[in-house]
Amino acid sequence: MPNYDEMSMLELFQLETSELISELDHLILELEKTKESSSVLNSVARILHTLKGAAATVDCQSVKEFVHAAEDYINVLKTEAMISSEYIDYVFTIVDWIKYLIELAVQESPAPDNLSTLCSSVKKGVPLPEITNHQIASSLPKNNDVDNTAAEPVTDEPHYLEQIQPLTITNKGISSQLGESQRIQTKILDNLLNLSGELYVKGLGIGELKESMLQTLKVANSLASGSQFLSTSSTQSSIDREIKQGIDSLAKKSADLKNSMEPLFQQMDEFSMQLQYLTSELQDEVMAARMVPLSQLFDLFPRMVRDLAKSLGKQIELVFQGEKTLIDKAIIESLKTPMEHLLRNAIDHGIASPQKRIEQGKSTTGKLTISAYHQGDQVVIHVKDDGQGIDPEIIRTKITSQQRLSPDKAQKLIDQELLEFIFLPGFSTQDQVTEVSGRGVGMDIVKTQIEKLNGQIRIQSRPGQFTQFTITLPLTLAVTQTLIFEAARQLYAFPTSTVGEYIHVQLSDIKQAGGKPVIEHNEQIMAVAWLHQLMEYPTEENQILHRKYPGLLFKTGEEQVVILGNRLVAEEEVVIKPLDPRFKKIKNIMGATILNTGRIALVVDISDLLNMVKDAEYTTAEPQPTESSSSVPSILVVEDSLTIREIERKILKSAGYDVVVAVDGVDGLNKTKGQRFDLIITDIDMPRMNGLELTKTLKEDPKYQHIPIVIVSYKDRPEDKRKGLEVGADQYITKSQFDNNEFLETIHRLI
């Protein structure tokens, strides 16, 4: 049984009545569809009786009296042969008043002075005053956690109270709806979720420590082998007795170090696996407790759609699909306003009146479908209406008349690019402003709110047939998958859900158009901006003309933008920490995170960044490219096969690198003594010194300890790859699967 020890009587009353009111709304909507009054009205009467009893128990006399009057009216209604739409409207008004009186009672506010008159009116079926948003809002407590940035609704239409349901955690997470549960504050669960997410990410970082320990173990093994060799050699030669004792002592201590580290590494390996498993389990369980079905959001809309459609003289069928799809409760709370805007627009703009639909060869009832499903670690929501669609030519005319684009540029836009204009501030396809829409603020709010959740919204439409909005959101806000970029020696995290595509761009490919840098990609012209310039850092030094720089492609309105960085560091799950409120709003930054390596990365505010590119609020001077050998990364290719050696050399040379070749391991080792290389590529099977020996020797040299080494070999067995990585190689590529693009991608990433 639930534990309600900490709940007051009024809180228990609110908990019970919120569920009963929700059930009442659904019953009345069912009554409006079926017109079969007997069974539905009996259920309504039963709920009202339960409500009256609950109100009497907690001494809420105003609710008790009003619900008692409502019972009398329902009993009279049962005698009606036909339930007309006027009756349905009146019952909904009664329910609105019950909601209002319950809120007043829970907040311990006084009941309306005219309560007795209201009760008398209900019994007689006399029209009641309409409940407005202002009345409801004034009775509710102030909540500092609510985001008030969204625009308020235009009209004072009946308020559809959000059902406030306490959150419970079961012993099996969301997998079980039964069993023992305990009430817990949402704020506490939020903190627990953040901590578990951070612990999960830090658990992944243990792998980095394990790798460091493996390298230390390799050094210990090498030291033990070397000292043992010295000890054995000294026995067979005539050296000073004290030196011999010192060598023997060193050999013993080295062996002891090796023997003690091996079980320690084994324990570390086991601990790492257990920790990752447990943190993953903890993350899943806490996440499960925070996940709720989208029906908690969808259930808010049937009454709203019904009332708005009725006020506009339209007939609309609202269909839900995938309402059991689970998502983070924090996301649901932020989705209410965007979804309301989409539905209001669909009802007002999309679906025509019954008469016009008949003229279009459609049924009198329009269909509005909300569907949802999981796609990987994201949730996809579709909002689709079978209405008039959006005519791209109307948008083209609007943007030219509003001087947003010249007629020539507007004429070149394809239909999909034109549709993106509806998300711009102040843009509307409607010539007249109504109480419902037409002011050009709704869709801008929708896009902004979705992007704040690290999501994306896309639109599809076909004139005369349909309009569909597709919202893609992360499953949770606790742990975010990001791409870590480096620019001006600072790390930046980009949520992957906001990234359209990952590409590479050469400086020589960047051109100028309209005073701005652009590139051509997939036969489209795209604006280009350097991340360090957007962050107002000095120009990066030593840019290389023929080197390919990593870029992230984003779509903003009708434009596509590529943001370039110096290098892509990693793809990593992170816990985003908001900045201290004392910093206020920092341009382009939404938070920070600590990576597995311990370094801090700033989490990028994509909306800010793209707005800067669009408004050209950054230095557009391109970095000065150079071809000097001092700035070009140098690569050593160690390969005994002339053909393969030359192929690799030409590939790297064409990519802008300075390449030196060596014919075997000894030749390669000698070349490293005379020149410092930025990366080394080596085969395994070579005369005099093979690639494994070369790699091991170089990794023991402090000068090359941190220089990337790539092994390219015909050996493709798992044990061969393991040996290569164990001696210190950073990447192992098999010649049988050699691909030029993947090969260069690996080099670009490591160098």
Side-chain angles (χ1 to χ4, degrees), residues 305 308-309 312-319 321 338-371 380-447 450 456-472 523-524 555-560:
V305 170
L308 185 55
L312 296 174
K314 299 179 179 181
Q315 300 173 11
I316 296 177
E317 177 189 6
L318 181 61
V319 178
Q321 297 172 354
M339 290 292 291
E340 281 184 348
H341 277 300
L342 292 178
L343 294 175
R344 292 167 69 90
N345 273 4
I347 296 169
D348 191 27
H349 298 339
I351 299 177
S353 64
Q355 181 60 38
K356 191 170 182 179
R357 287 180 63 87
I358 292 175
E359 294 172 1
Q360 295 171 342
K362 298 180 179 180
S363 65
T364 57
T365 301
K367 189 173 183 180
L368 185 53
T369 305
I370 306 177
S371 58
V380 179
I381 301 175
H382 296 297
V383 179
K384 183 177 182 180
D385 67 74
D386 67 344
Q388 305 173 90
I390 302 174
D391 188 347
E393 293 307 315
I394 293 178
I395 299 178
R396 199 189 308 273
T397 302
K398 285 280 186 180
I399 61 179
T400 54
S401 64
Q402 296 176 5
Q403 297 183 345
R404 293 178 181 267
L405 282 180
S406 66
D408 289 342
K409 289 185 177 180
Q411 196 61 41
K412 294 177 182 178
L413 297 179
I414 63 174
D415 290 353
Q416 187 59 44
E417 291 173 331
L418 289 167
L419 290 175
E420 297 293 333
F421 271 91
I422 70 168
F423 294 114
L424 296 182
F427 186 83
S428 175
T429 57
Q430 301 301 297
D431 293 323
Q432 295 182 338
V433 175
T434 68
E435 290 186 337
V436 178
S437 58
R439 286 172 165 79
V441 295
M443 298 312 297
D444 176 36
I445 291 174
V446 169
K447 190 172 190 294
I450 296 300
Q456 293 181 321
I457 182 168
R458 295 287 180 264
I459 179 174
Q460 294 174 282
S461 185
R462 190 170 298 166
Q465 297 186 35
F466 73 90
T467 297
Q468 176 174 284
F469 290 92
T470 299
I471 300 172
T472 305
E523 299 182 352
Q524 294 187 41
K555 191 161 189 178
T556 167
E558 76 283 4
E559 298 179 354
Q560 294 190 76

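In this text, all values refer to a predicted model and were calculated from it rather than measured experimentally.
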Engineer: Rounded to the nearest 0.5 Å, what's the gap from CZ on Arg344 to CE on Met339? Could you check?
Structural biologist: 14.0 Å
Engineer: Sequence neighbours left out, what passes side-chain hydrogen bond (donor to acceptor under 3.5 Å, both in side chains) with Lys356? Give chain and number order.
Structural biologist: Gln388
Engineer: For residues 380-417, which residue pairs qualify under ring-ring contact (aromatic ring centres under 6.0 Å, His included), counting only residues two or more places apart or in two chains?
Structural biologist: Tyr373-His382
Engineer: What residues, two or more places apart in sequence or in another chain, satisfy side-chain hydrogen bond (donor to acceptor under 3.5 Å, both in side chains) together with Glu393?
Structural biologist: Arg396
Engineer: Return the minimal non-hydrogen interatomic distance between Ile450 and Gln456, and the atom names on each side.
Structural biologist: CG2-N, 3.5 Å
Engineer: Looking at every non-hydrogen atom in both residues, tell me the closest pair between Ala309 and Ile316 and how far apart they are.
Structural biologist: CB-CD1, 3.8 Å
Engineer: Do Ile471 and Leu342 pass the side chain to side chain contact (heavy atoms under 4.5 Å, CB included) test, and can you show the C-alpha distance, the side-chain angles, and the key distance before you say yes or no?
Structural biologist: CA-CA 11 Å; Ile471 300 172; Leu342 292 178; 3.8 Å; yes
Engineer: Between atom CD of Glu417 and atom CD1 of Ile395, what is the distance when rounded to the nearest 0.5 Å?
Structural biologist: 12.0 Å
Engineer: Let me confirm one number: the CZ-CG distance from Phe421 to Leu413, rounded to the nearest 0.5 Å.
Structural biologist: 5.5 Å
Engineer: Indicate whether any N or O donor in one side chain lies under 3.5 Å from an N or O acceptor in the other, for Thr365 and Glu317.
Structural biologist: no
Engineer: Find the distance between CD1 (Ile351) and OG (Ser353) and round it off to the nearest 0.5 Å.
Structural biologist: 11.5 Å
Engineer: Quick check for you: to the nearest 0.5 Å, what is the distance between Lys412 atom NZ and Lys409 atom NZ?
Structural biologist: 8.5 Å
Engineer: Using 0.5 Å steps for rounding, measure from the CG atom of Leu318 to the CG atom of Leu343.
Structural biologist: 7.0 Å
Engineer: Specify the closest pair of heavy atoms between Thr400 and Ala410, including all atoms of both residues, with the distance to one decimal.
Structural biologist: CG2-CB, 3.5 Å
Engineer: Can you list the residues that meet the side-chain contact (heavy atoms from CB on, under 4.5 Å) rule with Pro463, with sequence neighbours excluded?
Structural biologist: Pro392
Engineer: With distance as the sole test, does Lys314 use its side chain to make a donor-acceptor pair with the main-chain N or O of Leu308 at under 3.5 Å?
Structural biologist: no
Engineer: Where is the tightest heavy-atom contact between Phe423 and Lys447, given as atom of each residue plus distance?
Structural biologist: CB-CD, 3.4 Å
Engineer: Under the side-chain contact (heavy atoms from CB on, under 4.5 Å) rule, collect the residues that match up with Thr467, sequence neighbours excluded.
Structural biologist: Asp385, Ile390, Ile459, Ser461, Phe469
Engineer: Does any part of the side chain of Gln468, heavy atoms only, come nearer than 4.5 Å to the side chain of Thr369, both counted from C-beta?
Structural biologist: no
Engineer: What residue among Ile381, Val446, Val383 forms side-chain contact (heavy atoms from CB on, under 4.5 Å) with Ile457?
Structural biologist: Val446
Engineer: Looking at Arg458, I want to see if its CZ is surrounded by more than 12 non-hydrogen atoms of other residues, nucleotides or ligands under 6.0 Å.
Structural biologist: yes
Engineer: Please find the pair of heavy atoms, one from Arg357 and one from Asp386, that lie closest to each other, and give the distance.
Structural biologist: NH2-OD2, 3.1 Å
Engineer: Could you name each residue pair satisfying salt bridge (Lys or Arg N to Asp or Glu O under 4.0 Å) that touches residues 358-368, not counting sequence neighbours?
Structural biologist: none
